[in-house]
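Input: a single structure, listed below in structure tokens.
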Amino acid sequence: MNDTAPLRARAEIDLAALRANVRTLRAHAPSAALMAVVKSDAYGHGAVPCARAALEAGATWLGTATPEEALALRAAGLTDSRIMCWLWTPGGPWREAIEADLDVSVSGMWALREVTAAAEEAGTAARVQLKADTGLGRGGCQPADWPELVREALGAEEHGLIDITGLWSHFACADEPGHPSIRAQLDRFREMVTYAEERGVRPEVRHIANSPATLTLPESHFDLVRTGIAVYGISPSPEIGTPADFGLRPVMTLSASLALVKHVPAGHGVSYGHHYVTAGATTLGLVPVGYADGVPRHASGTGPVLVGGKWRTVAGRVAMDQFVVDLGGDEPVPGSEAILFGPGDRGEPTAEDWARAAGTIAYEIVTRIGTRVPRVYVNREQGG
């Protein structure tokens, strides 16, 4: 793709910023290996280019939610790095994962049974990481069931069916430093790890730290930190720090080309339902992206956009393919750039600004940008 070609819309992905973010995160956890989480197409940024850039910057692990995401990375030629996937359902592609040398997560007996059966069929030991539910209440094995899972996993390892490569868990409130659940989960994780190790488990890695814990909780780093949203330059804890405060730079800039600029009189209704009516004679600009592209409809009337060096606000409803901004009499030519969000260097809104406008989190803003918006990669080379 020609990076300078005019497009209806584009999500520019700055791989130099991503590499710098990975180096910053490594500096926050110098004694731990770093996993770059590239689930959900790298939070909307593009899994394969972002995975490659993260590895160039020193990440040694990649993480995905689904096994299909992990297998796609292997198919794209990412064959040397460790890749872990953790969101399994019964009947999943266990054998394919084993043959692709993936690390798979097991939270309960049904999964252990399925992975050991697949390993027997494949004739190759599966790399298995046992997940502990230390208090999040989502995936993971409850403490009461941990002894059985550890015992059975050790039995499978003795039979050469699995290698227990890791013990891990996930925080509920690491983005709220000082929350009492953080200490409780750390204590529980240490207890469950100790129990497993006393019975003979020899994990390569123990890990619980996500992006906010990597940045704010050194005692949680153990052998590996799993960094997701921070890799993409978004603060995991906006209440306590901006990306710049953490030494991070947003990687995605979302922009569109104005499709139309026109004069309208006072009292003119704008978009569905006429929730916006012009206060006086003005100019309107048509931005050709909508909720089908991932622009949140919840930001109708509130979403910020930079056009002609000025912040504008979505006028009325966000529609499926387009929305309108009131230009206040300014007359940029059709094709002029409308920046929805970016790093903020040029005075443009950020993903966090859109998150506030939509009543959500910045994770959702970048992840929901749809496939109809081309990703344009800049600074692909290490020197860029």
Side-chain angles (χ1 to χ4, degrees), residues 11-65 69-70 73 76-85 103 168 170-171 174-175 205 207-218 220-238 241-253 342-345 350-352 362-363 366-367 375-384:
E12 184 176 286
I13 309 300
D14 184 352
L15 295 178
L18 188 147
R19 288 189 290 268
N21 293 338
V22 169
R23 289 191 288 268
T24 294
L25 292 164
R26 289 178 61 206
H28 276 277
S31 62
L34 185 136
M35 175 189 290
V37 179
V38 293
K39 65 181 181 177
S40 191
D41 201 29
Y43 293 61
H45 293 69
V48 173
C50 290
R52 287 189 174 127
L55 293 171
E56 289 168 357
T60 53
W61 287 72
L62 300 172
T64 71
E69 291 172 325
L73 294 175
L78 293 164
T79 56
D80 296 331
S81 64
R82 295 290 289 275
I83 303 178
M84 180 181 174
C85 52
D103 281 62
W168 74 293
H170 195 49
F171 281 118
D175 56 342
V205 287
H207 50 109
I208 190 173
N210 53 5
S211 285
T214 300
L215 292 166
T216 66
L217 199 67
S220 72
H221 291 170
F222 292 94
D223 308 303
L224 174 70
V225 293
R226 302 186 309 272
T227 52
I229 198 65
V231 167
Y232 309 101
I234 290 174
S235 171
S237 304
T242 66
D245 292 333
F246 291 121
L248 304 172
R249 178 176 173 79
V251 172
M252 182 188 291
T253 298
D345 297 348
T350 64
E352 184 59 38
Y363 296 64
V366 292
T367 302
R375 272 57 172 176
V376 178
Y377 294 93
V378 299
N379 298 321
R380 283 182 177 270
E381 300 302 319
Q382 275 264 34

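Being a predicted model, the structure only gives us computed values, none of them experimental. Note that these values count all heavy atoms, side chains included, but never hydrogens, waters or copies made by symmetry.
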Give a yes or no answer on whether the side chain of S220 reaches the backbone of A209 with a donor-acceptor pair at less than 3.5 Å.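 No; zero donor-acceptor contacts below 3.5 Å.
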Closer than 3.5 angstrom, by distance alone: can the side chain of S211 be matched with the main-chain N or O of G228 as a donor-acceptor pair?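 The answer is yes, because a donor-acceptor pair under 3.5 Å joins these two groups.
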In chain order, what residues pass the side-chain hydrogen bond (donor to acceptor under 3.5 Å, both in side chains) check against [X], with sequence neighbours excluded?
X: R52; answer: none
X: W168; answer: S105
X: T350; answer: D353
X: T79; answer: none

How long is the straight-line distance from [atom2] of [Y] back to [atom1] of [X], given to the nearest 0.5 Å?
X: T242; Y: I234; atom1: OG1; atom2: CD1; result: 12.5 Å
X: R82; Y: L224; atom1: CZ; atom2: CG; result: 9.5 Å
X: D14; Y: Y232; atom1: CG; atom2: OH; result: 14.0 Å
X: T24; Y: L215; atom1: OG1; atom2: CG; result: 9.0 Å

Please list all pairs passing the salt bridge (charged side-chain N to carboxylate O under 4.0 Å, His left out) test where one or both residues lie in [range], with sequence neighbours left out.
range: residues 20-38; result: none
range: residues 221-232; result: R206-D223
range: residues 242-251; result: R249-D345

Among all residues two or more places apart in sequence or in another chain, which pass the side chain to side chain contact (heavy atoms under 4.5 Å, CB included) test with T216?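 Once residues adjacent in sequence are excluded, the partners of T216 under the side chain to side chain contact (heavy atoms under 4.5 Å, CB included) criterion are P177, I240, F246.
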Name all residues meeting the side chain to side chain contact (heavy atoms under 4.5 Å, CB included) criterion together with P212; count only those two or more places apart in sequence or in a different chain, and write none if there are none.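 With neighbours one apart ignored, the set is A174, D175, N210, P236, S237.
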Which atom names give the shortest non-hydrogen contact between [X] and [Y], and what distance separates them?
X: L25; Y: T214; result: O-CG2, 4.2 Å
X: A16; Y: N379; result: CB-CB, 3.6 Å
X: A70; Y: I83; result: CB-CG2, 3.7 Å
X: L78; Y: L55; result: CD2-CD1, 3.9 Å
X: F171; Y: A213; result: CE1-CB, 3.8 Å
X: N21; Y: V231; result: ND2-O, 3.0 Å

Just list the side-chain donor-acceptor pairs under 3.5 Å for residues 30-48, sequence neighbours left out, or say none.
from : atom 1 : to  : atom 2 : distance (Å)
D41  : OD1    : A47 : N      : 2.9
H45  : ND1    : A42 : O      : 3.0
H45  : ND1    : Y43 : O      : 3.0

Side chains of [X] and [Y] in contact at under 4.5 Å (non-hydrogen atoms):
X: L73; Y: L62; result: yes
X: T64; Y: M84; result: no
X: V378; Y: I13; result: no

Considering residues at least two apart in sequence or located in another chain, which fulfil the salt bridge (Lys or Arg N to Asp or Glu O under 4.0 Å) criterion with E69?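 Partners of E69 under the salt bridge (Lys or Arg N to Asp or Glu O under 4.0 Å) test: none.
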Is there a side-chain contact (heavy atoms from CB on, under 4.5 Å) between M252 and E12? Walk through the geometry before answering. CA-CA 6 Å; M252 182 188 291; E12 184 176 286; over 6 Å; no
Pairing residues for F222 by the ring pair (Phe, Tyr, Trp, His ring centres under 6.0 Å) criterion, not counting sequence neighbours: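 With sequence neighbours excluded, F222 shows a ring pair (Phe, Tyr, Trp, His ring centres under 6.0 Å) to F189, given in chain and number order.
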Begin from the C-alpha positions of H207 and V225 and carry the test side-chain contact (heavy atoms from CB on, under 4.5 Å) through to its verdict. CA-CA 6 Å; H207 50 109; V225 293; over 6 Å; no
